[in-house]
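Positions are given from 1, in the same order as the sequence printed here. Values reported hereafter were calculated over all heavy atoms of this structure, with side chains retained and with hydrogens, waters and symmetry mates removed. Just so you know, ligand 1 is whichever comes first in the structure, and atom 1 is the first atom listed for that ligand.
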Amino acid sequence: MPLDIDDIMAEHADVLDGGEWAPPDCVARHRVAFVIPYRDRWGHLKSLLYYLIPVLKRQQIHFRMFVVEQFGNDTFNKGRIMNAAFREALKLFDFQCVTFHDVDLVPEDDRNMYSCADMPKHMSIGIDKFNYRLPYDGLVGGVLMFRTEHFQQVNGYSNMYWGWGAEDDDMTTRILHQGLRIYRPPSNIARYKMVKHDGRKVSEVSVRMKLLRSAARRSKMEGLNNIQYNLLYTHTEKLFTHFLVDIGHP
Ligand code: BGC
Ligand code: MN
């Protein structure tokens, strides 16, 4: 049965407009901003909110949801919209950590904590689509969490990857190049289901590979420090704050 957004909103009447919630009976130890890159996947977004918000409440996380959408019909550039959303979120919410969360991944296990860690934390280790096994060692795609200062230290994501693929592999290099390590929770709990979706516009492999080879060299030159964008609007929805950003053309 398709999820009804009104039912989800009614279920979470205690979430403040803009998608913020804090435990009522204690001061949460962790304030976490969620950045969800989005295009044309309303069904996925509803199911993510439906499954994720109750997990965060049970984990007693103080959170705020930010959904960032790329303006226009150009090829997707996930790195750019995530960088833009991080910068805009900083103006609206005082957070210690940020979780970049794919819209099509729903958590399966409450023990996979969305709490801040000392190091960048890769949370989506096992995904049903990949038989719950990390496809390769350096993968950080899917659900990735940073301390705010670490995301700034790695200079955010690269702005140069248009189309599906490798902006996350570039991030792996950024993290390791800064001498940070990637923390991974136990694989039997860091598990997700991927919601079914159609193909996406995959970037040219040769372009991707060429970019990846210069990832370390580019890391301090381009990223969070030089992202150019126009924030076209900020909508305060009930369960999230919605940014629409113009990030230019490929
Ligand atoms: C891509 C990554 C992606 C991974 C898993 C790699 O080939 O470069 O962007 O996350 O596959 O799908
Ligand atoms: Mn996906």
Peer 1: Quick check for students: name every N or O atom pair between ligand 1 and the protein closer than 3.5 Å, with distances.
Peer 2:
unit_1	atom_1	unit_2	atom_2	d
ligand 1	8 (O)	A166	N	3.1
ligand 1	8 (O)	D169	OD2	2.6
ligand 1	9 (O)	A166	N	2.8
ligand 1	9 (O)	D168	OD1	2.6
ligand 1	9 (O)	D168	OD2	3.3
ligand 1	10 (O)	D168	OD2	2.5

Peer 1: Do Y161 and D170 have side-chain N/O donor and acceptor atoms under 3.5 Å apart?
Peer 2: yes
Peer 1: Hey, can you pull the donor-acceptor pairs under 3.5 Å for the side chains in residues 23-33, sequence neighbours left out?
Peer 2:
unit_1	atom_1	unit_2	atom_2	d
H30	ND1	C116	N	3.1
R31	NE	D94	O	2.7

Peer 1: Check the side chains of H177 and K220 for a donor-acceptor pair under 3.5 angstrom, ignoring hydrogens and angles.
Peer 2: no
Peer 1: Below 3.5 Å, can you tabulate the donor-acceptor pairs from side chains in residues 132-148 to any protein atom, sequence neighbours excluded?
Peer 2:
unit_1	atom_1	unit_2	atom_2	d
Y132	OH	E108	OE1	3.4
Y132	OH	E108	OE2	2.6
Y136	OH	D169	OD1	2.6
Y136	OH	D169	OD2	3.4
R147	NE	E149	OE2	3.3
R147	NH1	A117	O	3.0
T148	OG1	F95	O	3.2
T148	OG1	Q96	O	2.9

Peer 1: Go through the side-chain N and O atoms of D74 and H249 and say whether any donor and acceptor fall under 3.5 Å apart.
Peer 2: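 Present: a donor and an acceptor within the cut-off.
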Peer 1: Starting from Y233, walk the hydrophobic network (Ile, Leu, Val, Met, Phe, Trp, Tyr; side-chain heavy atoms closer than 4.5 Å) and list everyone else you reach, by chain and number.
Peer 2: F71, L232, L244
